[in-house]
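For reference, the structure discussed in these notes is given below.
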There are 2 protein chains.
Amino acid sequence: MKIPIDDKLNSKNVKPTAMRELVLDVLIKQTTAISLSDLEQKFEKADKVTLYRTLKTFEENKIIHSIDDGSGSVKYAMCTDTCQCNPAELHVHFFCTMCQKTYCLNEIPVPSVSLPVNFDLQSINMVVKGICANCRR
Amino acid sequence: MKIPIDDKLNSKNVKPTAMRELVLDVLIKQTTAISLSDLEQKFEKADKVTLYRTLKTFEENKIIHSIDDGSGSVKYAMCTDTCQCNPAELHVHFFCTMCQKTYCLNEIPVPSVSLPVNFDLQSINMVVKGICANCRR
DNA sequence: AAAATTTATGCAATTAAGTTGCAAAGTTAT
DNA sequence: ATAACTTTGCAACTTAATTGCATAAATTTT
């Protein structure tokens, strides 16, 4: 497996097993977020639970982040290299109701909201639904 | 059953059955959003599917709106009288990670975001997670 | 008012996503 | 090489959401 992938895993303190290298390779190549069942289809031989735990491990170690896009299945996408998943660096996600794909809009930060008094903010999930540029044509 | 409840149902073109009156009465009294299983516990005698379909009917007719707060179960809360559930009139929801309650922040509209070119907006789901005023004390 | 039709409700069962327990296989340290 | 730990695979379970179908209730037609 290619060195950059192992570097990525090592830099996030995740041991580079064959499974993890393969999964990370797939994740890196995605242009849209991917669900566990999407991943299952790409690895017909691999066990669902192993893929599940691989995603969980990646998420815990901030290699990827999970997105609840309201589609009923959680999607996952790469974090940026420096991402710490703080509220301040969250971005908007876009779910296309036509192709069902979920995009990270990394350029669009989640706007700050002023909460009622004594409400403390931990994180924000902002998902925009609509038609993506590909489907609109 | 009280007249105002029937009025509400009639004004939204939902026939006022006993079940619907009871469910709407519960919904009106909530200060936070409620899930199907919450509702089941309040109506031990009623069938889950009936409650489910009652919620669906209410939602279709804009008596209530559903909220995907990321908790794994969809919550429901009353719409305002004039609500048409357009993107322009959406409000922010708040999920308390301590008490697990979901609040409609009716005073806080979802901020507008400018999407990449050729992305069309249909709706926005914005859920803020944190600690609510009740739990913070 | 009875019959026919539509609508609502209740029960059984299914689907799908997410998750846990445990044993086998693989890896690392002694 | 053995012991200790980590990862993987299989089986099974949980929960939420949903569908089909039969019965019951309400509404409409005759």
Side-chain angles (χ1 to χ4, degrees), chain A residues 1 5-6 9-10 12-27 33-61 63-77 95 100 102 125 127, chain B residues 1 5-6 9-10 12-27 33-61 63-77 95 100 102 125 127:
Chain A
M1 183 55 57
I5 286 182
D6 280 9
L9 290 167
N10 284 321
K12 300 287 185 176
N13 295 309
V14 175
K15 286 183 201 164
T17 67
M19 189 80 253
R20 288 169 180 171
E21 287 166 342
L22 290 167
V23 172
L24 183 52
D25 190 53
V26 166
L27 284 164
I34 192 175
S35 70
L36 173 57
S37 52
D38 293 337
L39 207 55
E40 268 181 272
Q41 291 177 330
K42 291 184 186 288
F43 292 97
E44 302 245 323
K45 316 141 208 164
D47 186 73
K48 175 186 151 163
V49 178
T50 304
L51 295 171
Y52 167 76
R53 286 197 265 235
T54 301
L55 290 173
K56 283 286 174 190
T57 302
F58 286 1
E59 188 185 7
E60 277 162 26
N61 293 280
I63 296 173
I64 61 177
H65 59 282
S66 65
I67 308 150
D68 187 342
D69 60 11
S71 70
S73 55
V74 176
K75 304 276 171 63
Y76 299 88
F95 177 74
Q100 316 278 309
T102 300
N125 182 34
V127 178
Chain B
M1 184 55 59
I5 286 183
D6 281 7
L9 289 168
N10 285 322
K12 300 286 185 176
N13 295 309
V14 175
K15 286 181 202 164
T17 66
M19 189 81 253
R20 288 169 180 171
E21 288 167 341
L22 289 168
V23 172
L24 183 53
D25 190 54
V26 167
L27 285 164
I34 191 174
S35 70
L36 173 58
S37 54
D38 293 335
L39 206 55
E40 268 182 88
Q41 292 176 330
K42 290 185 188 285
F43 292 96
E44 301 245 326
K45 316 141 207 161
D47 187 72
K48 175 187 152 163
V49 177
T50 303
L51 295 171
Y52 168 75
R53 288 197 262 236
T54 302
L55 290 173
K56 283 287 174 189
T57 301
F58 286 1
E59 189 185 7
E60 278 161 25
N61 293 281
I63 295 173
I64 60 176
H65 60 283
S66 65
I67 307 150
D68 187 345
D69 60 11
S71 71
S73 55
V74 176
K75 305 274 171 65
Y76 299 88
F95 177 75
Q100 316 280 307
T102 300
N125 182 33
V127 179

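The analysis underlying the following values was restricted to heavy atoms, covering all of them including side chains, and did not include hydrogens, waters or symmetry mates. Proteins come first, then strands; the chains are lettered A, B, ... in the order of their sequence lines, and each starts at number 1.
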**Q.** Heavy-atom protein contacts under 4.0 Å, nucleotides 5-18 of chain D, coded B base, S sugar-phosphate only, - none
**A.** -SSBBBB----SBB
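A 4.5 Å side-chain heavy-atom check between B:Phe43 and B:Val26 finds at least one atom pair inside the cut-off. The closest side-chain heavy-atom distance from A:Leu36 to A:Val74 is not below 4.5 Å.
Minimum interatomic distance between B:Gln100 and B:Phe95 (heavy atoms only, all atoms of both residues): O-CE1, 3.4 Å. Taking every heavy atom of both residues into account, A:Met19 and A:Leu51 meet most closely at CE-CD2, 3.8 Å.
The distance from atom CG of B:Asp25 to atom CD1 of B:Ile5, rounded to the nearest 0.5 Å, is 3.5 Å.
Here the rule is side chain to side chain contact (heavy atoms under 4.5 Å, CB included) with A:Val127, and of A:Asp68, A:Asp69, A:Thr102 only A:Asp69 fits it. B:Thr57 pairs with exactly one of B:Asn61, B:Leu55, B:Thr54 by the side chain to side chain contact (heavy atoms under 4.5 Å, CB included) rule, that one being B:Asn61.
Heavy-atom contacts of chain B under 4.0 Å fall on DNA chain C between two terminal nucleotides, which in 5' to 3' order are C:dT7 to C:dA12.
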